[in-house]
Amino acid sequence: MVRTTPVDRLSDEDIREILTKYRKIALVGASPKPERDSNEVMRYLLENGYEVYPVNPRYDEILGRKCYPSVLDIPDEVEIVDLFVRPEFTMDYVEQAIKKGAKVVWFQFGTFSEEAFKKAKEAGLIAVAHRCIKQEHERLIE
């Protein structure tokens, strides 16, 4: 069953604070294909001043940015891990986010895993679910 109501229990103010406080984003499942949501979101975040690190082991570069095989391979600090992968792959990236010291794990639409969400929260990360980071930024920041 696909859940569509937010399970993160975060208010608009919580989301606004995340989007203004944290600027370094690992975008997991990034794609060089312009028609893919991850590409559109990455482009939007870059245009709005975020530092975005694409994560996808299949590519060397996306939108002119070095692409990393995992979150742990990013040499810089990561604050948000934005997930564009199927739910069965999110746990691995949540574990990487925890090891990397990220503050937020963002489950885009269609990526939610209850187990991975729970693990992120238990590790002290803010877990955002069933929301698009681009849509939330457009709604709350612009």
Side-chain angles (χ1 to χ4, degrees), residues 1-57 59 61-142:
M1 177 178 145
V2 175
R3 191 182 232 158
T4 55
T5 56
V7 296
D8 56 31
R9 299 175 191 234
L10 297 170
S11 68
D12 284 354
E13 191 52 47
D14 294 331
I15 298 296
R16 188 178 290 110
E17 182 178 343
I18 290 166
L19 294 172
T20 55
K21 184 176 181 180
Y22 302 121
R23 311 295 296 176
K24 296 178 179 184
I25 302 171
L27 198 140
V28 177
S31 172
K33 299 174 184 171
E35 68 275 11
R36 299 298 297 254
D37 291 341
S38 63
N39 186 282
E40 179 184 342
V41 168
M42 182 175 165
R43 195 170 40 254
Y44 176 87
L45 291 170
L46 288 168
E47 289 168 0
N48 282 277
Y50 290 88
E51 186 66 36
V52 183
Y53 303 91
V55 176
N56 190 324
Y59 304 105
E61 184 180 288
I62 296 175
L63 295 177
R65 301 297 200 134
K66 177 173 172 42
C67 193
Y68 298 92
S70 79
V71 173
L72 297 175
D73 292 310
I74 299 169
D76 301 323
E77 175 187 24
V78 170
E79 296 169 316
I80 299 174
V81 174
D82 189 14
L83 302 173
F84 279 91
V85 294
R86 293 196 313 257
E88 59 266 29
F89 300 120
T90 58
M91 181 61 85
D92 184 41
Y93 291 106
V94 165
E95 289 170 352
Q96 290 179 33
I98 293 164
K99 287 179 190 165
K100 188 69 178 172
K103 311 297 184 220
V104 179
V105 174
W106 195 296
F107 293 82
Q108 292 283 151
F109 292 114
T111 68
F112 184 75
S113 156
E114 198 159 332
E115 183 183 14
F117 180 85
K118 184 178 175 189
K119 183 167 187 103
K121 298 221 9 137
E122 286 172 352
L125 278 72
I126 300 166
V128 181
H130 302 302
R131 299 175 192 253
C132 172
I133 196 168
K134 175 183 179 281
Q135 290 175 354
E136 294 298 295
H137 188 275
E138 289 172 332
R139 187 172 73 84
L140 297 169
I141 308 295
E142 286 196 336

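Reckoned from all heavy atoms, side chains included, excluding hydrogens, waters and symmetry mates.
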Participant: Per the ring pair (Phe, Tyr, Trp, His ring centres under 6.0 Å) rule, what does the pair list look like for residues 14-40, sequence neighbours excluded?
Facilitator: none
Participant: Give me the atom names and distance for the closest heavy-atom approach of Ala97 to Val81.
Facilitator: CB-CG2, 3.6 Å
Participant: Leu125 and side chain to side chain contact (heavy atoms under 4.5 Å, CB included): which single residue from Ile80, Val105, Val94 fits?
Facilitator: Val105
Participant: Do the non-hydrogen side-chain atoms of Val28 and Asp82 ever get within less than 4.5 Å of each other?
Facilitator: no
Participant: List for me each residue that meets salt bridge (charged side-chain N to carboxylate O under 4.0 Å, His left out) alongside Glu79, sequence neighbours excluded, and say none if there are none.
Facilitator: none
Participant: Arg131 versus Gln108: any side-chain heavy-atom pair under 4.5 Å?
Facilitator: no
Participant: Do any N or O atoms from the side chain of Lys100 and from the backbone of Ile74 form a donor-acceptor pair under 3.5 angstrom?
Facilitator: yes
Participant: Compare all side-chain heavy atoms of Thr90 with those of Glu115 and state whether any distance is below 4.5 angstrom.
Facilitator: no
Participant: I'd like to check the salt bridge (charged side-chain N to carboxylate O under 4.0 Å, His left out) partners of Asp12; sequence neighbours left out, ordered by chain and number.
Facilitator: Arg139
Participant: Grab the two heavy atoms, one from Ala127 and one from Phe117, that are nearest each other, plus how far apart they are.
Facilitator: CB-CE1, 3.4 Å
Participant: For Arg36, what residues pass the side chain to side chain donor-acceptor pair (under 3.5 Å) criterion, not counting sequence neighbours?
Facilitator: none
Participant: Nearest 0.5 Å please: distance from the CD1 atom of Ile18 over to the CD1 atom of Ile126.
Facilitator: 4.5 Å
Participant: Using a 6.0 Å cut-off, check whether atom NZ of Lys119 has over 12 heavy atoms from anything other than its own residue.
Facilitator: no
Participant: Quick check on the 6.0 Å ring-centre criterion: do His130 and Phe109 meet it?
Facilitator: no
Participant: Stepwise, does the salt bridge (charged side-chain N to carboxylate O under 4.0 Å, His left out) test hold for Glu138 with Lys134?
Facilitator: CA-CA 6 Å; Glu138 289 172 332; Lys134 175 183 179 281; 2.9 Å; yes
Participant: Write down the atom of Asn56, the atom of Ala30, and the distance for their closest heavy-atom approach.
Facilitator: ND2-O, 2.8 Å
Participant: Under the salt bridge (charged side-chain N to carboxylate O under 4.0 Å, His left out) rule, collect the residues that match up with Lys24, sequence neighbours excluded.
Facilitator: Glu77
Participant: Which residues satisfy the side chain to side chain donor-acceptor pair (under 3.5 Å) test with Glu122, sequence neighbours excluded?
Facilitator: none
Participant: Decide yes or no for Pro32 and Tyr59: does some side-chain heavy atom of the first lie under 4.5 Å from some side-chain heavy atom of the second?
Facilitator: yes
Participant: Taking the side chain as every heavy atom from C-beta outward, state whether Leu19 and Ile133 have any pair of such atoms under 4.5 Å apart.
Facilitator: yes
Participant: How would you list, by chain and number, every residue that makes a side-chain contact (heavy atoms from CB on, under 4.5 Å) with Thr20, sequence neighbours excluded?
Facilitator: Ile141
Participant: Flag the pair Trp106 / Glu136 as yes when at least one side-chain heavy-atom distance between them is below 4.5 Å, and no otherwise.
Facilitator: yes
Participant: What are the two closest non-hydrogen atoms of Ala26 and Val78, and how far apart are they?
Facilitator: CB-CG1, 3.8 Å
Participant: May I ask you to decide whether Glu88 forms a salt bridge with Arg86, counting only side-chain N to carboxylate O separations under 4.0 Å?
Facilitator: yes
Participant: Which residues satisfy the salt bridge (charged side-chain N to carboxylate O under 4.0 Å, His left out) test with Glu17, sequence neighbours excluded?
Facilitator: none
Participant: For the atom pair CE (Met42) and CG (Asp37), what is the distance rounded to the nearest 0.5 Å?
Facilitator: 14.5 Å
Participant: If the condition is side-chain contact (heavy atoms from CB on, under 4.5 Å), which residues does Arg43 pass it with, not counting sequence neighbours?
Facilitator: Asn39, Glu40, Glu47, Leu63
Participant: State, to 0.1 Å, how close Cys132 and Val41 come at their nearest heavy-atom pair, and which atoms those are.
Facilitator: SG-CG2, 4.1 Å
Participant: Please report the shortest heavy-atom distance between Val85 and Gly29, naming the atom on each side.
Facilitator: CG1-CA, 4.0 Å
Participant: Kindly write out the residues that satisfy side-chain contact (heavy atoms from CB on, under 4.5 Å) with Glu61, not counting sequence neighbours, or none if the list is empty.
Facilitator: none
Participant: Residues in ring pair (Phe, Tyr, Trp, His ring centres under 6.0 Å) with Tyr50, at least two apart?
Facilitator: His137
Participant: Is any side-chain heavy atom of Leu27 less than 4.5 Å from a side-chain heavy atom of Pro54?
Facilitator: no
Participant: Not counting sequence neighbours, list each pair that qualifies as a ring pair (Phe, Tyr, Trp, His ring centres under 6.0 Å) and has a residue in residues 69-95.
Facilitator: none
Participant: Side-chain contact test, heavy atoms from C-beta onward, threshold under 4.5 Å: evaluate it for Val52 versus Arg65 and give yes or no.
Facilitator: no
Participant: Which distance, rounded to the nearest 0.5 Å, do you find between the NZ of Lys118 and the OG of Ser113?
Facilitator: 11.5 Å
